[in-house]
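First up is the structure itself, then whatever we jot down about it.
Remember, predicted model here, so these are calculated numbers, not experimental data. Below, all heavy atoms of this structure are taken into account, side chains as well, without hydrogens, waters or symmetry copies.
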Amino acid sequence: LLSCSCLPDSREDADPPCTAENKQDIERQCDVLKSDKFKVCHSLVNPDDFIDICIYDMCQYNGMKSALCDIVQVYVDTCKNHGITIKWRNSTFCPLPCPSRSHYKDCVSACPSTCSDIFASSLCEKTEECTEGCECDDNYVLSNGNCVPLSSCGCRDDDNNYYSVSSLWSKSLTSK
């Protein structure tokens with residue numbers, strides 16, 4: 001005959017560590033997942049658990065907005081896995097910071113134009129899969145992770161080797 005005894009549960013309660021004054025405001029912010037913007041997904045992905053996690057995390061981190069944005073992103077990604085795409089970011093709600101000379105888009109190419117391949121985005125296999133992100137402004141392309149003017153890109157030789165403007169400049173100085 002085996003006899004087992006369980007130890008008492010000494011873990012802290014799972015109630016969010018909120019103060020009375022900020023809990024209402026945090027709940028209101030997290031309830032954004034119940035808004036019309038996300039309604040299209042509610043029948044597939046119940047927002048209630050996400051809202052509970054949002055409240056807990058925001059309370060844990062003293063109302064930090066990035067906790068709200070992170071959980072909304074997880075909800076939107078979960079909806080996307082069920083075939084529902086939701087456009088939810090804007091300049092005031094969880095904006096995605098973009099580097100200079102670029103801007104946020106809810107659907108960017110998986111293969112952006114770069115100095116070494118300025119036609120990459122137009123030649124890229126067109127799929128319905130895209131992701132939100134930053135896209136270089138008009139007449140700018142990516143070069144080493146930065147958006148640079150197209151005019152500052154280098155060129156390719158007959159063997160398709162790419163040369164940056166700075167390497168061409170230094171070669172012309174050394175060849176004289």
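Salt-bridge check for Asp36 with Lys39: passed, with a basic side-chain N closer than 4.0 Å to an acidic carboxylate O.
Put simply, NE2 on His103 and SG on Cys136 are 8.5 Å apart, with the number rounded to the nearest 0.5 Å. Between atom CG of residue Leu33 and atom CZ of residue Phe50 there is a gap of 8.5 Å, rounded to the nearest 0.5 Å. One distance of note links OG of Ser43 with CD1 of Ile84; it measures 7.0 Å at 0.5 Å rounding. With rounding to the nearest 0.5 Å, the separation of CE in Met58 from CD in Glu27 is 11.0 Å. To the nearest 0.5 Å, atoms CG (Leu142) and SG (Cys153) are separated by 9.5 Å. Between the CG atom in Asn146 and the OG atom in Ser100 there is a gap of 7.0 Å [rounded to 0.5 Å].
Placement of Val74 and Met64 in two distinct hydrophobic clusters is found when ILVMFWY residues are connected by side-chain heavy-atom separations under 4.5 Å, directly or transitively. No single ILVMFWY cluster, assembled from side-chain heavy atoms under 4.5 Å apart, contains both Val72 and Leu96. Both Ile53 and Ile51 sit in one connected hydrophobic cluster of ILVMFWY residues. Membership requires side-chain heavy atoms under 4.5 Å apart, directly or through other members.
Asn90 CG: more than 12 foreign heavy atoms inside a 6.0 Å radius. Heavy atoms of other residues, nucleotides or ligands lying less than 6.0 angstrom from CG of Asn81 number more than 12. Residue Tyr61 places its OH atom among 12 or fewer non-hydrogen atoms of other residues, nucleotides or ligands, all under 6.0 Å distant.
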Stepwise side chain to side chain contact (heavy atoms under 4.5 Å, CB included) check, Val32 with Tyr75: CA-CA 11 Å; Val32 70; Tyr75 184 78; over 6 Å; no
Intermediate values then yes/no, salt bridge (Lys or Arg N to Asp or Glu O under 4.0 Å), Asp31 and Arg28: CA-CA 5 Å; Asp31 277 349; Arg28 185 187 52 75; over 6 Å; no
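Looking at Gln29 and Ile55, their side chains never come closer than 4.5 Å, going by heavy atoms from C-beta outward. Side-chain atoms of Arg89 and Gln73, non-hydrogen and from C-beta on, do get closer than 4.5 Å to each other. In this structure, His42 and Pro47 have side chains that are in contact, with non-hydrogen atoms separated by less than 4.5 Å. The shortest distance between side-chain heavy atoms of Leu68 and Cys54 falls below 4.5 Å.
Taking the six-membered ring where the residue is Trp, Phe38 and Trp88 present tilted rings, their angle falling between 30° and 60°.
Across every non-hydrogen atom of His82 and Val45, the tightest pair is ND1-CG2, 3.7 Å. The two atoms that bring Cys115 and Val148 nearest to each other are SG-CG2, 3.7 Å, heavy atoms only. Across every non-hydrogen atom of Val141 and Ser113, the tightest pair is CB-O, 3.7 Å. The minimum heavy-atom distance between Pro99 and Cys134, with the atom names listed, is CD-SG, 4.0 Å.
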